2 protein chains.
Amino acid sequence: MPDGNDAKASPLRTKATAGARLGYTPLYLQVRQDLLDRIIAGTWQPGMALPSEQQLASQMGVSQGTLRKALDALASDGVIVRHQGRGTFVAEHDQRRTLFQFFKIVSDENGRIPPETVYCQVSMRPASETEREALELGKDADIWVILRHRALNGQVALVEDIVLPADRFPQLDTKVPLPNNIYELYERQFSVTVANARERLRAVRAEAPDAEILGCAEGAPLLQIERLAVALDGSAIELRRTRCRTDRFHYISELR
Amino acid sequence: MPDGNDAKASPLRTKATAGARLGYTPLYLQVRQDLLDRIIAGTWQPGMALPSEQQLASQMGVSQGTLRKALDALASDGVIVRHQGRGTFVAEHDQRRTLFQFFKIVSDENGRIPPETVYCQVSMRPASETEREALELGKDADIWVILRHRALNGQVALVEDIVLPADRFPQLDTKVPLPNNIYELYERQFSVTVANARERLRAVRAEAPDAEILGCAEGAPLLQIERLAVALDGSAIELRRTRCRTDRFHYISELR
DNA sequence: GAGTGGTCTAGACCACTGA
DNA sequence: CAGTGGTCTAGACCACTCA
């Protein structure tokens, strides 16, 4: 058993037994954060099984019910995945997750189809001011810029600029050609797990270079998607701008 | 106590005590459905308080923990709202909910601002085939069509076509002028509660009529949003097409 | 201070998986 | 059939709201 005594009778429990008004955090949220910290630190790698509820509960000195609430919270955030009868696993950026959670463009006829990368180029340059601000970078930070063209149903439909902080992705250029599933690359090669993202959508005119790549007229309407992706530890990790033809595709959004 | 013996020792409990392989539904989900049915039936109106957990649990013959899981599920679906120390309430389509859950267009400078209706027209006609299909209507069904122009920061920015099944909204035309918050109208006047919606986004060219309304050039890029809204009982209730300028506004989408 | 939802516990039993 | 997560219970106590 390699998972021995690393957090026994933990120093948590801010229980506020008396009138501690502010700053009260329920035990299950403290447990949640403790587990999340260990996942971020790499104690359990993506795809690996966590110890069983019983083991974790007794290790951390809490009841199984409390531990379960912590795991439920992590599961609803997509950090872990639970399978009845099998165990609890650190969530992975497999094909399925990338396609459903992080790819919102759908074919009008075929529904969800995985995009195929048809062109990819990597370069480095100093970050602009807006890039530094969005990615929370220091004054002289460098960034990687990835340019990709991607096809759906065999038709080039997307042009992407991806911006990454260079220091979090050392020697990215040696990984060329980059795999189709780039978040899997972040995860496996650089230990960076994308947890969630916010997107801003606009309709824009196709400028000449994009029009040529996408095979549409200059001035045609394109859907522009600006994404800021956030890592497990809450830091901004990727800035992405996608321009997309929407004559045979559309972007889906669920309001709940 | 007006909420007497209406569901005592309920006929639920499909507990599968023996090897009932398929068709097993956990008790808390049965309770959830039972409560949802009563909300749909209007036993508790939007904004009203439900009985306390203790009362509901003993009424329905389940433990407080099980009842709580059912309420938690309804709360995470946005059907009810819980307030520690105050009670549990049927969710309402107030200004706040409409603005945050069902309005995704944001000003580049000001952030979230409520849109202002500057033009509104209501008419009735037979449903087209695609409308019948989307709204699950019969052969000769009629629909209401609402045309609206809406302004953000004092600038006309949105053109909307809203399609509703006529039989669910009797005498809608007598409610003109429609209030700004139209989901509140559905709820209060027609007992129709919008629960969630799916949207399809595209970039399109501004045609002449929209260009004039929005004050932009013909052929300018517009963001087109097609929405299908679903009621509490799961039926499709509204089809909506919005066209929007995105030179000073954008659409936000959260990926989690 | 009474009443509400929120947390925490301890234990029993059930459904599912895989060797 | 052993081990895992999922459900269900009963009861204690805590934090919050409002009269």
Side-chain angles (χ1 to χ4, degrees), chain A residues 1 3 9-10 12-35 44 48-76 80-91, chain B residues 1 3 9-10 12-35 44 48-76 80-91:
Chain A
M1 296 279 177
D3 51 285
S10 53
L12 308 173
R13 295 181 176 282
T14 318
K15 207 183 178 185
T17 31
R21 286 274 165 256
L22 280 318
Y24 159 69
T25 307
L27 184 53
Y28 79 93
L29 287 180
Q30 301 175 45
V31 171
R32 188 204 105 103
Q33 190 59 49
D34 187 37
L35 294 169
W44 303 300
M48 278 179 55
L50 269 62
S52 74
E53 294 183 357
Q54 290 238 346
Q55 288 172 33
L56 281 173
S58 70
Q59 268 180 34
M60 304 179 75
V62 300
S63 78
Q64 192 170 342
T66 297
L67 188 103
R68 170 160 265 275
K69 271 198 87 166
L71 291 177
D72 284 346
L74 289 172
S76 95
I80 60 175
V81 177
R82 318 189 77 190
H83 295 291
Q84 185 174 10
R86 296 210 285 133
T88 301
F89 303 83
V90 180
Chain B
M1 294 280 177
D3 51 284
S10 54
L12 308 172
R13 293 183 178 281
T14 318
K15 205 181 177 185
T17 32
R21 288 271 164 259
L22 279 318
Y24 159 69
T25 307
L27 184 52
Y28 79 93
L29 287 179
Q30 300 175 45
V31 172
R32 188 204 105 104
Q33 190 59 48
D34 186 36
L35 293 170
W44 304 299
M48 278 180 55
L50 270 62
S52 74
E53 294 182 357
Q54 289 236 347
Q55 287 173 34
L56 281 173
S58 70
Q59 269 181 36
M60 305 178 75
V62 301
S63 77
Q64 192 170 341
T66 298
L67 187 103
R68 170 160 265 273
K69 270 198 89 165
L71 291 178
D72 283 346
L74 289 171
S76 95
I80 61 175
V81 176
R82 319 189 76 191
H83 295 291
Q84 186 174 10
R86 295 211 283 134
T88 302
F89 304 83
V90 180

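We name chains A, B, ... by the order of the sequence lines, and we start the count at 1 in each one. No experiment lies behind these values; they were computed from the predicted model shown.
dT9(C) atom P lies 11 Å from atom CE of Met60(A), rounded to whole Å. The CD1 atom of Ile80(B) sits 15 Å away from the P atom of dT4(C) (whole-angstrom rounding). The interatomic distance linking Gln30(B) (CD) with dC8(D) (C1') rounds to 12 Å, in whole Å. With rounding to whole Å, Leu29(B) atom CG is found 14 Å from dA15(C) atom P. Regarding Glu53(B), its CD atom lies at a distance of 16 Å from the P atom of dG3(C), rounded to whole Å. Atoms CG (Leu67(A)) and P (dT9(C)) sit 10 Å apart, rounded to a whole Å. If you take NE2 of His83(B) and C1' of dA15(D), they are 16 Å apart, rounded to a whole angstrom. For the pair Gln54(B) CD and dA2(C) C1', the interatomic distance rounds to 13 Å; values are reported in whole Å.
Between Arg68(A) and dG6(D) there is a side-chain N or O to OP1 or OP2 distance below 4.0 Å. OP1 or OP2 of dT7(D) sits under 4.0 Å from a side-chain N or O of Tyr28(B). Not one side-chain nitrogen or oxygen of Lys69(B) sits closer than 4.0 Å to the OP1 or OP2 atom of dC8(D). Thr88(A) has a side-chain polar atom (N or O) that falls below the 4.0 Å cut-off from OP1 or OP2 of dG5(D). In terms of phosphate contacts, Gln55(A) brings a side-chain nitrogen or oxygen within less than 4.0 Å of OP1 or OP2 of dT4(D). OP1 or OP2 of dT9(D) has at least one side-chain nitrogen or oxygen of Thr66(B) nearer than 4.0 Å. Within the structure, every side-chain polar atom (N or O) of Arg86(A) is placed at least 4.0 Å from both OP1 and OP2 of dG3(D).
Tested against Leu29(A), the residues Val31(A), Leu27(A), Thr25(A) include a single side-chain contact (heavy atoms from CB on, under 4.5 Å) partner, Thr25(A). Checking Leu71(B), Thr66(B), Val62(B) one by one against Tyr28(B), the side-chain contact (heavy atoms from CB on, under 4.5 Å) holds for a single residue, Thr66(B).
Considering only side-chain atoms of Tyr24(B), the nucleotide from dG5(C), dA15(C), dT9(D) that sits closest is dA15(C). Nearest nucleotide to the Gln84(B) side chain, out of dG5(C), dG6(D), dT7(D): dG5(C).
Contact annotation: the side chain of Leu67(A) never approaches that of Gln64(A) to less than 4.5 Å [non-hydrogen atoms, C-beta and beyond].
Nearest-nucleotide positions on DNA chain C for Gln64(A) and Gly85(A) put Gln64(A) closer to the 5' end.
Summarising the geometry of Leu35(B) relative to Ala70(B), their closest heavy-atom pair is CD1-CB, 4.4 Å, with the distance given to 0.1 Å.
The distance from atom NZ of Lys69(B) to atom CG of Asp72(B), rounded to the nearest 0.5 Å, is 9.0 Å.
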